[in-house]
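Structure first, then comments.
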Amino acid sequence: MVDITAAELKAAEAIFGDRLELAERYVEHLATSGTERGLIGPREVPRLWSRHVLNCAVIEREIARGSHVADVGSGAGLPGLCLAIARPDLELTLIEPLERRVIWLQEVVDDLGLTNVTVMRTRAELAVGMVNADVVTARAVSALSNLAGLTIPLLGGKGEVVAIKGRSAGEEIEKAAKAIRKLGGVQTSVVVVGEDLLEEPTTVVRIIVNKSQKIA
Ligand SMILES: C[S@@+](CC[C@H](N)C(=O)[O-])C[C@H]1O[C@@H](n2cnc3c(N)ncnc32)[C@H](O)[C@@H]1O
């Protein structure tokens with residue numbers, strides 16, 4: 001079993017509620033086959049809860065009920081699988097081009113019995129028109145100036161991008177502002193999520209997209 005501190009357990013209970021056991025099983029997969037098969041570094045194991053699963057799962061607060069969420073560059077399911085576990089009302093499409101990662105993701109989805117997840121082996125650029133998401137999430141995939149072009153087109157003209165970013169979020173927005181506007185972004189902001197739960201809360205960049213709305 002991967003160790004969990006009292007503070008992490010409290011946060012995990014608040015986020016996952018009666019689905020905590022599924023989250024624990026996911027963390028075990030990450031710590032065992034996930035590290036053996038190179039999806040996550042072995043040095044990450046002691047901080048799987050704090051730095052990975054809780055930091056990702058907490059962004060569920062930013063996502064409206066019943067949304068279809070596309071997670072670009074899911075890797076080991078971060079944040080996509082965390083959201084699917086925390087929020088059975090969401091429909092998740094995990095977009096990941098690397099075969100060995102896709103195989104691992106599908107194995108975990110099957111083992112956990114998650115019925116709200118589809119794993120797609122493709123690049124985000126090639127999924128445009130195949131996915132019509134309300135929300136697109138991403139973590140550690142690309143700088144925002146490039147990520148905007150990988151995520152916004154998956155919204156089909158209207159919706160939101162919720163990208164997990166670090167302290168450079170503001171700077172990244174400045175650099176990406178023109179590209180975001182061109183793609184239909186009408187409002188871009190930095191939101192800090194989970195200050196009440198996590199020692200290190202999660203910073204997200206939230207882009208509201210509405211291609212039919214003209215920006216002043
Ligand atoms: C550094 S990993 C991050 C994985 C995970 N999101 C996380 O936070 O741990 C970046 C992931 O993005 C995927 N990726 C890279 N370019 C992509 C693209 N154009 N479309 C979709 N996924 C992509 C890679 O295969 C890889 O799994």
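We use all heavy atoms of the structure for the numbers below, so side chains are in, but hydrogens, waters and symmetry mates are not. Index from 1, following the sequence. Numbering of ligands and ligand atoms starts at 1, following listing order.
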Polar contacts were defined as any N/O atom of the residue lying under 3.5 Å from an N/O atom of the ligand; does this apply to [X] and ligand 1?
X: A140; result: no
X: A124; result: yes
X: P97; result: no

Judged by atom type as modelled, is there a donor-acceptor pair below 3.5 Å linking the side chain of [X] to the main-chain atoms of [Y]?
X: E28; Y: V2; value: yes
X: R61; Y: V193; value: no
X: E8; Y: T5; value: yes
X: D134; Y: H68; value: yes

Shortest non-hydrogen contact from V209 toward L183: CG1-O, 4.3 Å

Proximal ligand 1 atoms for R101, defined as those under 4.0 Å from one of its heavy atoms: 24 (C), 25 (O), 26 (C), 27 (O)

E125: numbered ligand 1 atoms lying under 4.0 Å from its heavy atoms: 18 (C), 19 (N), 20 (N)

Checking a contact table here: which protein heavy atom is nearest [atom], and how many Å away?
atom: atom 16 (N) of ligand 1; result: R123 NH2, 3.9 Å
atom: atom 8 (O) of ligand 1; result: R139 NE, 2.6 Å
atom: atom 15 (C) of ligand 1; result: V141 CG1, 4.4 Å
atom: atom 25 (O) of ligand 1; result: E96 OE2, 2.7 Å

W104 and H29 aromatic ring geometry - parallel, tilted or perpendicular at 30°/60° bounds: perpendicular

Option set A138, A76, G73, criterion heavy-atom distance to atom 4 (C) of ligand 1, minimum: G73

Contacts of type side-chain contact (heavy atoms from CB on, under 4.5 Å), residue S145, not counting sequence neighbours: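 Per chain and number, S145 pairs via side-chain contact (heavy atoms from CB on, under 4.5 Å) with A143, A176.
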
